[in-house]
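Just so it is clear, the values below take in all heavy atoms, side chains as well, and ignore hydrogens, waters and symmetry mates. Below, read A as the first sequence line, B as the second, and so on, with proteins coming before strands; counting in each chain starts at 1.
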Number of protein chains: 2
Amino acid sequence: MATVPQAETSPASASNSRGRRNTRASGDDRERAILETAEQLLEERPLSEISVDDLAKGAGISRPTFYFYFPSKDAVVLTIIDRLVADAGSGQEAILTALAEAGPQAGLRTALQNLYGAFRSRPGVVRAGSDLRATNQEARDLWAQVMEGWVADVTAVIEFERSRGTAPAGQPAREMAIALVQMNERAQYATLLGEEPSLEGDRVLDVLIEIWLRAIYGTAEPG
Amino acid sequence: MATVPQAETSPASASNSRGRRNTRASGDDRERAILETAEQLLEERPLSEISVDDLAKGAGISRPTFYFYFPSKDAVVLTIIDRLVADAGSGQEAILTALAEAGPQAGLRTALQNLYGAFRSRPGVVRAGSDLRATNQEARDLWAQVMEGWVADVTAVIEFERSRGTAPAGQPAREMAIALVQMNERAQYATLLGEEPSLEGDRVLDVLIEIWLRAIYGTAEPG
DNA sequence: GAACTGTATCAACAGTGTGTTGAGTGGGTC
DNA sequence: GACCCACTCAACACACTGTTGATACAGTTC
């Protein structure tokens, strides 16, 4: 069923591989201050216009001290994204069960809505994550894992529906799943950031769901 | 019918708003050398790892001299992309006529194939363009125009097919068009750059076309 | 309570990139 | 031969990033 990666925070300990060099003492506040400053600044301007110095100043420390807590600006953003993705993942858990309980239409709606909801409140962070993929391999890997999880879930749904006979045959389930998940990624991202052209926030789900349902359950008999 | 923007090269003159400061004399070679160096380096490594000095050296000039020809590294890439987009646009011209002549299935295939073909040979340039959108407003505007052109064309097709009665009613044509065009952008980009997960190069078109046909001509009657 | 250990801090440095200034050079042209 | 004007670049001024080395300071430990 492909669970979303757990953002390597082991339950009780706080030591994040991306965070501080070692330690466990007080300076937790500083680390949190840096993360909060970053989240806040990212809603104001893109990552490329935020310097390490901005983050340090915002957290009330000097630039070298910043490097005591994080190895780079990217690492801060990756930490934030790890958490966001973990949040989104926990809401995601149950595509299959939602589908089984509520039927395809309502189930899909619930699943996509949860997902969209997790990101909607922090467009700046989403944008930063997307930007990071251009230059940062770790960001690419992280997102690839997330995508892979969704694709696996959707593939399972399509195969299940086909085997039940409720969905017609067609292109391989996994390939359909990839394209559909990519569509959602792009469309929801564009909406979140208000690109032009993009779908309105209150229209995204209706439109995407219609395409998903037709792609999965429909057949085309063009005249 | 929304033609793709013509990359402001007026017919005979060579003066590009993004290029050299004024002039028209000899140094055309240098300008070309810079563009060629950029295209070549972009197939080797991402834009973020190419410096103005690399471009200057590649063209056999010093860094300050580079600035005589282009105001920035971004401007070089934008010039390259302008041209690429103009090329792709000229092949694009005839979605509607292709559809009318060959029918929806073959027509769509031809249209999407032309498009994909225009970019396939220069993935590095495509990647650079995509990366640029993160930091450069002009790049965003340029791409928005291109998207808008395609969306307008596809909207017209959907509306035409619905009015003929060959496509069923559904979500507004323009909104369907936006989502479908965004899906293609994302899926073809991922394939071009070999992201994971992505569709194989020889599968992209089959999968996208099935989704397009079902989304436009199909109805979903989930069981 | 002196010596030790490890967290936490930053001034100063080194390096790499960008974009600008100002001083040329050399080929037309009147 | 004086004057443009396209063209060129050494040297500069910044803005970043990441590192070094010295230091403060809070607990142990004996």
Side-chain angles (χ1 to χ4, degrees), chain A residues 13-16 18-35 37-38 41-42 45-79 128 131-132 134-139, chain B residues 13-16 18-35 37-38 41-42 45-79 128 131-132 134-139:
Chain A
S13 138
S15 141
N16 183 322
R18 210 138 32 226
R20 213 160 343 150
R21 299 211 248 268
N22 39 11
T23 187
R24 83 189 64 265
S26 90
D28 271 3
D29 305 346
R30 296 293 161 83
E31 187 167 336
R32 208 170 335 109
I34 291 172
L35 290 168
T37 302
L41 290 182
L42 281 174
R45 53 183 197 267
L47 181 58
S48 59
E49 288 169 27
I50 297 172
S51 70
V52 171
D53 205 38
D54 292 334
L55 296 180
K57 286 248 172 60
I61 57 179
S62 73
R63 208 162 52 78
T65 301
F66 168 93
Y67 287 102
F68 179 79
Y69 290 98
F70 291 95
S72 70
K73 186 171 76 173
D74 288 8
V76 176
V77 176
L78 280 167
T79 301
D131 291 353
L132 249 202
T135 55
N136 187 296
Q137 183 61 44
E138 207 173 343
Chain B
S13 137
S15 143
N16 182 323
R18 209 135 37 224
R20 217 163 337 152
R21 298 212 251 269
N22 39 9
T23 186
R24 85 189 63 264
S26 88
D28 271 1
D29 305 346
R30 296 291 160 82
E31 187 167 336
R32 206 169 338 108
I34 292 172
L35 290 168
T37 302
L41 291 181
L42 281 174
R45 52 185 198 268
L47 181 59
S48 59
E49 288 170 28
I50 297 172
S51 69
V52 170
D53 205 38
D54 293 334
L55 297 180
K57 287 249 171 59
I61 55 179
S62 73
R63 208 163 53 77
T65 301
F66 168 93
Y67 287 103
F68 179 79
Y69 291 98
F70 291 94
S72 70
K73 188 170 75 173
D74 287 7
V76 176
V77 176
L78 280 166
T79 300
D131 291 353
L132 250 202
T135 54
N136 186 295
Q137 183 61 44
E138 207 172 345

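The pair A/D54-A/K57 does not meet the salt-bridge criterion, since no charged nitrogen lies less than 4.0 angstrom from a carboxylate oxygen.
When the nucleotides C/dT20, C/dT18, D/dT17 are ranked by their closest atom to the side chain of B/K73, C/dT18 comes out on top. When distances run from any side-chain atom of B/Y69 to the nucleotides D/dC7, C/dA11, D/dA10, the shortest one goes to D/dC7. Counting only heavy atoms from C-beta on, B/I61 has its side chain closest to D/dC9 among C/dT9, C/dC10, D/dC9.
With rounding to whole Å, A/F66 atom CZ is found 14 Å from D/dC16 atom P. Atom P of nucleotide C/dG17 and atom CD1 of B/I50 are separated by 12 Å, given to the nearest angstrom. Atom CG in B/D53 sits roughly 8 Å away from atom P in C/dT18 (whole-Å rounding). Atom CG of A/L55 is separated from atom P of D/dC16 by 12 Å (rounded to the nearest Å). Here the P atom of nucleotide D/dA15 and the CZ atom of A/R63 are 13 Å apart, to the nearest Å. Atoms CG (B/D74) and P (C/dG19) sit 8 Å apart, rounded to a whole Å. The distance between atom CZ of B/F68 and atom P of C/dG24, rounded to the nearest whole Å, is 19 Å. Rounded to whole Å, atom P of C/dT16 lies 13 Å from atom CG of B/D54.
Within the nucleic acid shown, B/S51 comes within 4.0 Å of sugar-phosphate atoms alone, with no base atom in reach, counting heavy atoms only.
The shortest distance between the side-chain N/O atoms of A/T65 and the OP1/OP2 oxygens of C/dC10 is below 4.0 Å. The phosphate of D/dC9 (OP1 or OP2) has no side-chain N or O of B/Y67 nearer than 4.0 angstrom.
With contacts defined as side-chain heavy-atom distances shorter than 4.5 Å, the pair B/K73/B/V76 does not qualify.
For the pair A/T37 and A/A59, the tightest heavy-atom approach, listed with the atom from each and the gap, is OG1-N, 3.7 Å. A pairwise comparison of heavy atoms in B/L78 and B/A139 identifies CD2-CA, 3.7 Å as the closest pair.
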Apply side chain to side chain contact (heavy atoms under 4.5 Å, CB included) to the pair B/F70 and B/E31, showing each step before the final yes or no. CA-CA 8 Å; B/F70 291 94; B/E31 187 167 336; 3.8 Å; yes
